[in-house]
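So the structure is just underneath, and the comments pick up after that.
Proteins get letters first, then strands, A, B, ... in listed order; numbering begins at 1 in each.
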Amino acid sequence: MRVRFAPSPTGPLHIGGLRTALFNWLFARHHGGHFILRLEDTDQRRLVSGSAEHIMSMLRHYGLDYDEGPDTGGTFGPYVQSERRERHFRRAHWLVQQGAAYPCYCSAERLAAVNAEKRSRGQPSGYDRHCRELSQSQRAALEATGPRPVIRFRMPLEGQTSVQDAIRGELHFDNARLQDAVLLKSDGFPTYHLAHLVDDHDMQISHVMRSSEWLPSLPLHWQLWQAFGQERPVYVHLPVLLNPNGKGKLSKRHAGFTQNGKQVLVLAQEFIDAGYLPEAVRNFLTNIGWSMPDEREFFPVEAAIEDFELRRVNPADSVFPVEKLDWLNGMWIRELSLKDLADRVRPLVLEAGLELDDARLRKVIPLMRERMRSLHDFVAMAGFFFRDRIDDPEAEAIIQRRMDAAGTLRALQAARQRLGRHDRVDCAALEAEMRALAQELGIKVGQLFGSLRVAVTGQRVSPPLFETMEILGPETCRERIDRAIVTLQRQA
RNA sequence: GGCCCCAUCGUCUAGUGGCCCAGGAUGUCACCCUUUCAAGGUGAAGACACGGGUUCGAGUCCCGUUGGGGCUACCA
């Protein structure tokens, strides 16, 4: 089994592209086959420099290793389509010799005019096959004076083309509706239709797994294989990813758009930036349009490889279920070792401009692991560990439910006094002491702890209080409680 | 407009004629646990788009309607 992912290097890798790559990769790994990366760069005008490297680095990041590709090599190279253009050129002209294709000299202007005219009469648009039956002499004349021709495929005018899709079965198309598609452009480069077919044959691809947007051109490809007299690979059309509101496919959207005030991520890179683990994204993507036989949704990639089968691919397009990604990311974070999580969080702490105390980071990680859904949650909830000074919390935040400023002040002063006796904080001992204090004061532990929490962390929600205080150390805690006391005194 | 594909809880899905007055997951809500938030546990609400057939029997097969999506380039 040989499959390929064939993106065109015209910009950053889209999440939909990543999903297509993933399914190909899973299929190859399940069958012990080969997964190949081929760059389809035949549209010279749309090339974006650096995107080939970007695509390869994204595949690496998400763990989709390829067995053959532009940078890894392989016995079927080159893996960059533009480097194969002579082969494409020869195959196009071979088709012309066979009578299966013909040169077309029509200008872009004429094509546009024909389309406009057809449309105005309410007819389906398309090429009028003007050059299909040119005589030898007409052709020679145009060859001498005219512009450089394109090569078009000579589609059968009647009958039907019956094609086979691995997950939809047999599909039928009326040939009369089909176009004489361009195979070779006037710049000598092939179009996708010709190039993918020639390359898939040369690279001995057994299964073409691609997005279902390609379904309408399958009959063309079917006919092309026949014209070449070659055995076709199995074609598999994967369902498309839809926008969160179900309107339109996701790939139509560009980076960083928002919907209902929420940021919608569409680029492979954006998921990294948002703090999602590659394991989680991969697991998430696997569950869209495919399901485990036992319906598990949280599983290691090895399990997906083990069970991956085409018959479990759902033909229906699907909305991108983002909330599930958040859940899975949390699950995967909890799956990480403390060291691994620390390694992944460290760059974000630095990036946030915080002071990186590594010993402290390692102490905070176990407190945070079960509280994170995104890697960014660490900085958001535990950032105060890595700041010398926190913003003084408002009195209103320090004072807990059914408490007043005076009562809170008394409580904090008492707590401060007890804390004064320690030169280190032992969280279990401190907790016991504070519980006792709450009882003495006749307030609830939640009220005391709540005030302390806000005083010490500056936040209403935080990791467990006494573990937090132990890590912060008595000096920092006293200092922060003192500031809270001042705030309350001002209030009173 | 034409052609093609698709259609189960809000969303992702299981379901290949009787095991389904439809199961799981997520999200939502409630309760338990609990120093906050999580995590964990328990529970609740929530779907076979509609109409015809076929069949003893249809979520499952066929037809139509509706809805959604894709394609309609010398882009992929």
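Using the six-membered ring where Trp is involved, Phe89(A) and His93(A) have ring planes that are tilted, between 30° and 60° apart. The aromatic rings of Trp214(A) and His193(A) stand perpendicular to each other, their planes meeting at an angle above 60°, with 30° marking the opposite boundary.
Applying the Watson-Crick and G-U wobble criteria (two distances, each under 3.5 Å), U34(B) pairs with nothing in any strand. Across all strands shown, G67(B) pairs with C6(B); the Watson-Crick or G-U wobble distances both stay below 3.5 Å. A73(B): no Watson-Crick or G-U partner with both key distances under 3.5 Å is found in any strand.
Residue Arg121(A) is classed as having no contact, given no heavy-atom separation below 4.0 Å to the nucleic acid. Using a 4.0 Å heavy-atom criterion, one finds that Ser462(A) contacts the bases of the nucleic acid, with or without backbone contacts as well. At the heavy-atom level, Thr10(A) lies nowhere under 4.0 Å from the strands shown. Residue-level contact check: Pro7(A) touches neither bases nor backbone, having no heavy atom under 4.0 Å from any strand. Nucleic acid contact for Ile288(A): sugar-phosphate only, since backbone atoms but no base atoms lie under 4.0 Å from a heavy atom of the residue. Residue-level contact check: Pro9(A) touches neither bases nor backbone, having no heavy atom under 4.0 Å from any strand. Across all strands, Gly330(A) comes closer than 4.0 Å to no nucleic acid atom at all (heavy-atom distances). Nucleic acid contact for Asp377(A): none, since no nucleic acid atom lies under 4.0 Å from a heavy atom of the residue. Backbone-only engagement by Val182(A) is indicated by non-hydrogen atom pairs under 4.0 Å involving sugar-phosphate atoms exclusively. Trp290(A) comes within 4.0 angstrom of no nucleic acid atom, judged by non-hydrogen atoms across all strands. Across all strands shown, Phe189(A) has no heavy atoms under 4.0 Å from either base or sugar-phosphate atoms. The residue Cys106(A) sits close to a base: some heavy atom pair falls under 4.0 Å. Among the atoms of the strands shown, none is found under 4.0 Å from any heavy atom of Arg369(A). Among the atoms of the strands shown, base atoms are found under 4.0 Å from some heavy atom of Glu323(A).
Side chain Glu370(A) to base G40(B): no donor-acceptor pair is found below 3.5 Å. For C71(B), the base has no donor-acceptor partner in the side chain of Ser217(A) [N/O atoms by modelled type, under 3.5 angstrom]. Checked by distance alone, Arg453(A) brings a side-chain donor or acceptor within 3.5 Å of a matching partner on the base of U35(B). With hydrogens and angles left out, the side chain of Arg311(A) and the base of U16(B) share a donor-acceptor pair within 3.5 Å. Counting distance only, with no hydrogens placed and no angle test, the side-chain atoms of Arg168(A) and the base atoms of C5(B) include no donor-acceptor pair under 3.5 Å.
Seen from the ring of Tyr79(A), Arg38(A) does not count as a face-on cation partner, given the 6.0 Å and 45° thresholds. Figure legend: cation-pi geometry between Arg152(A) and Tyr127(A), with NZ or CZ positioned under 6.0 Å from the six-membered ring centre and within 45° of its axis.
When the C1' atom of A73(B) is taken as reference, atom CG of Leu194(A) falls 16 Å away, rounded to whole Å. Straight-line distance from the CG atom of Asp41(A) to the P atom of A76(B): 10 Å, rounded to whole Å. Distance Arg38(A) CZ to A76(B) P: 13 Å, rounded to the nearest Å. Rounded to a whole Å, the CG atom of Asn329(A) is 15 Å from the P atom of U26(B).
To the nearest whole angstrom, the two P atoms, one in A44(B) and one in A49(B), are 25 Å apart. Rounded to a whole angstrom, the distance from the P atom of G67(B) to that of A73(B) is 25 Å. A distance of about 24 Å separates the C1' atoms of C5(B) and C9(B), rounded to the whole Å. Separation of the P atoms belonging to A47(B) and G53(B) is 26 Å when rounded to the nearest angstrom.
Comparing Glu467(A) and Ala108(A) against RNA chain B, the residue whose closest nucleotide sits nearer the 5' end is Glu467(A). The residue among Leu171(A) and Ser186(A) whose nearest nucleotide of RNA chain B is located toward the 5' end is Leu171(A).
For the pairing with Phe284(A), the ring pair (Phe, Tyr, Trp, His ring centres under 6.0 Å) check across Trp332(A), Phe271(A), Trp327(A), Phe320(A) returns one residue only, Phe320(A).
Of the listed nucleotides (U13(B), C3(B), U26(B)), C3(B) has the atom at the smallest distance from the side chain of Phe173(A). Taking every side-chain heavy atom of Lys324(A) into account, C12(B) is the closest of U36(B), A76(B), C12(B). Relative to the side chain of Val445(A), the nucleotides U35(B), C75(B), A76(B) differ in distance, and U35(B) lies closest.
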After noting the C-alpha distance and the side-chain angles of Tyr192(A) and Asp43(A), does the key distance pass the side chain to side chain donor-acceptor pair (under 3.5 Å) rule?
-> CA-CA 9 Å; Tyr192(A) 170 83; Asp43(A) 186 349; over 6 Å; no

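Looking at heavy atoms from C-beta onward, Leu111(A) lies out of side-chain contact with Val114(A) at the 4.5 angstrom threshold.
Side-chain nitrogen and oxygen atoms of Arg371(A) include none within less than 4.0 Å of the OP1 or OP2 phosphate oxygen of G40(B). Contact annotation: Ser8(A) does not reach the phosphate of C75(B) (side-chain N/O to OP1 or OP2, under 4.0 Å). Side-chain nitrogen and oxygen atoms of Lys185(A) include at least one within less than 4.0 Å of the OP1 or OP2 phosphate oxygen of A76(B). Note on Arg435(A): a side-chain N or O is less than 4.0 Å away from OP1 or OP2 of U35(B).
For an aromatic pair to be called close, the ring centres must be under 6.0 Å apart, and Phe308(A) with Trp290(A) satisfies this.
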